[in-house]
Protein chains: 2
Amino acid sequence: MGIIDNINKLFDHRIRLGIMSILMVYEDADFNRLKELLNLTDGNLASHVKALEQAEYILVQKSFVGRKPNTRYSATKLGKAEFIKHIQALEKLLNKNKEN
Amino acid sequence: MGIIDNINKLFDHRIRLGIMSILMVYEDADFNRLKELLNLTDGNLASHVKALEQAEYILVQKSFVGRKPNTRYSATKLGKAEFIKHIQALEKLLNKNKEN
DNA sequence: TAATTTAACTTTGTAATTCAAAGTACTTTA
DNA sequence: TAAAGTACTTTGAATTACAAAGTTAAATTA
């Protein structure tokens, strides 16, 4: 088993990593907040959240805020667990052989 | 400026991240060591080290060890500096808003 | 000396990924 | 009624990733 095998390929991209790290800090974030924080086009954001949604790492909730449609995203239990595993794999990789 | 803009695209891939993290810990590593540690095919490893070499993040040194050809890779000053910047950007992203 | 092996690639070709831009549907605001 | 906002989907081009096979050159083994 290689040392990078525990790195989750879905998180091995700055945008999805960014989305998840935002959703680890905030309970939820809506489409436009993510778009602004990550500086993305609509289509690009949509495709990345879709990938995370299909993996069931995030939950999508549609509603109306006032009269406007609003889509909120939040990390699922699975998503949070996988994200933590990913970070631990990253840390392990980066701190490799500091002691042994 | 988005919060992921300081993530170096060259390092935004588990294999190249793995190569660099190895070369941050060890002065150098040869082709077969990297191949084994990262569990890669020859061609795949060759293409990733080439990308890092072209960016001048790693240095390639060919020699003979005993009677066998041997290719050693080491991180350049630039590579080390960029890697550290990348890790700091990662940490910043992952610890986002822990205090503010 | 001929065949095989090892090291480190390069080439090839396919598949997947990424992304901007444009298009869509619906609603609301001017 | 026109323009703008929300959240997409579609399109298409470019890039990237990867395994597998081929290559080169030297070394070893038969």
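Note that the coordinates shown come from a computational prediction; the quantities given were computed from them, not determined experimentally. Within every chain, numbering begins at 1; the chains are lettered A, B, ... in the order of the sequence lines, protein sequences first and strands thereafter.
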Taking the side chain of Ile15(B) as its heavy atoms from C-beta onward, which of dC18(D), dC8(D), dT10(C) lies nearest to it? dC18(D)
Using a heavy-atom cut-off of under 4.0 Å over every strand shown, decide if Asp30(B) touches base, sugar-phosphate, or nothing. nothing
Whole-Å distance, Lys50(B) NZ to dT16(D) P, equals 13 Å
If you compare every side-chain N and O of Asn32(A) against the phosphate oxygens of dA7(D) (OP1, OP2), does one of them come in below 4.0 Å? yes
Ser47(B) side chain near dC18(D) phosphate (N/O to OP1/OP2, under 4.0 Å): no
Do Glu53(A) and Lys50(A) sit within salt-bridge range, that is, some charged N less than 4.0 Å from a carboxylate O? no
Quick one: Leu45(B) CG to dA20(D) C1', roughly how many Å, whole number? 16 Å
It should be established whether Arg14(B) places a side-chain nitrogen or oxygen under 4.0 Å from OP1 or OP2 of nucleotide dC18(D). yes
Classify the nucleic acid contact of Leu40(A) as base, sugar-phosphate or nothing, counting any heavy atom under 4.0 Å across all strands shown. nothing
May I ask you to evaluate whether Thr41(A) reaches the phosphate of dA20(C), defined as a side-chain N or O under 4.0 Å from OP1 or OP2? yes
Nearest-Å distance for atom pair CZ/P, residues Phe31(B) and dA25(D): 18 Å
Quick one: Glu53(A) CD to dC8(D) C1', roughly how many Å, whole number? 12 Å
First of Lys9(A) and Tyr73(A) reached from the 5' end of DNA chain D, by closest nucleotide: Tyr73(A)
With a 3.5 Å distance limit and no angle check, can you tell me whether Thr71(B) reaches the backbone of Asp30(B) through a side-chain donor-acceptor pair? no
Whole-Å distance between dT6(D) C1' and Gln61(A) CD? 17 Å
Map Asp42(A) and Val49(B) onto DNA chain C by nearest heavy atom, then report which one ends up closer to the 5' terminus. Val49(B)
Does a nitrogen or oxygen in the side chain of Thr71(A) sit under 4.0 Å from OP1 or OP2 of dC8(D)? yes
What is the distance, to the nearest angstrom, from the CG atom on Leu10(A) to the P atom on dT18(C)? 9 Å
Contact class for Lys35(B) (heavy atom, under 4.0 Å): base, sugar-phosphate, or nothing? nothing
Closer to the 5' end of DNA chain D via nearest nucleotide, is it Arg16(B) or Gly43(A)? Gly43(A)
Under the 3.5 angstrom rule, does the side chain of Asp12(A) hit a backbone N or O of Arg14(B) as a donor-acceptor pair? yes
May I have the distance from Gln54(A) (atom CD) to dT17(C) (atom P), rounded to whole angstrom? 11 Å
Side-chain N or O of His13(A) less than 4.0 angstrom from OP1 or OP2 on dT16(D)? no
Do other residues, nucleotides or ligands put more than 12 heavy atoms under 6.0 Å from the CD atom of Gln61(A)? yes
Ring centroid separation for Phe11(B) and Phe83(B), is it under 6.0 angstrom? yes
Between atom CG in Leu52(B) and atom C1' in dA17(D), what is the gap in whole Å? 14 Å
Between dC18(D) and His48(B), is there an OP1 or OP2 to side-chain N/O distance shorter than 4.0 Å? yes
Tyr26(A) six-ring centre to Arg33(A) NZ/CZ under 6.0 Å and within 45° of normal: yes
Report yes if at least one side-chain N or O of Asn44(B) is closer than 4.0 Å to OP1 or OP2 of dA19(D); otherwise report no. yes
So, is Lys68(B) near the phosphate of dA8(C), with a side-chain N or O under 4.0 Å from OP1 or OP2? no
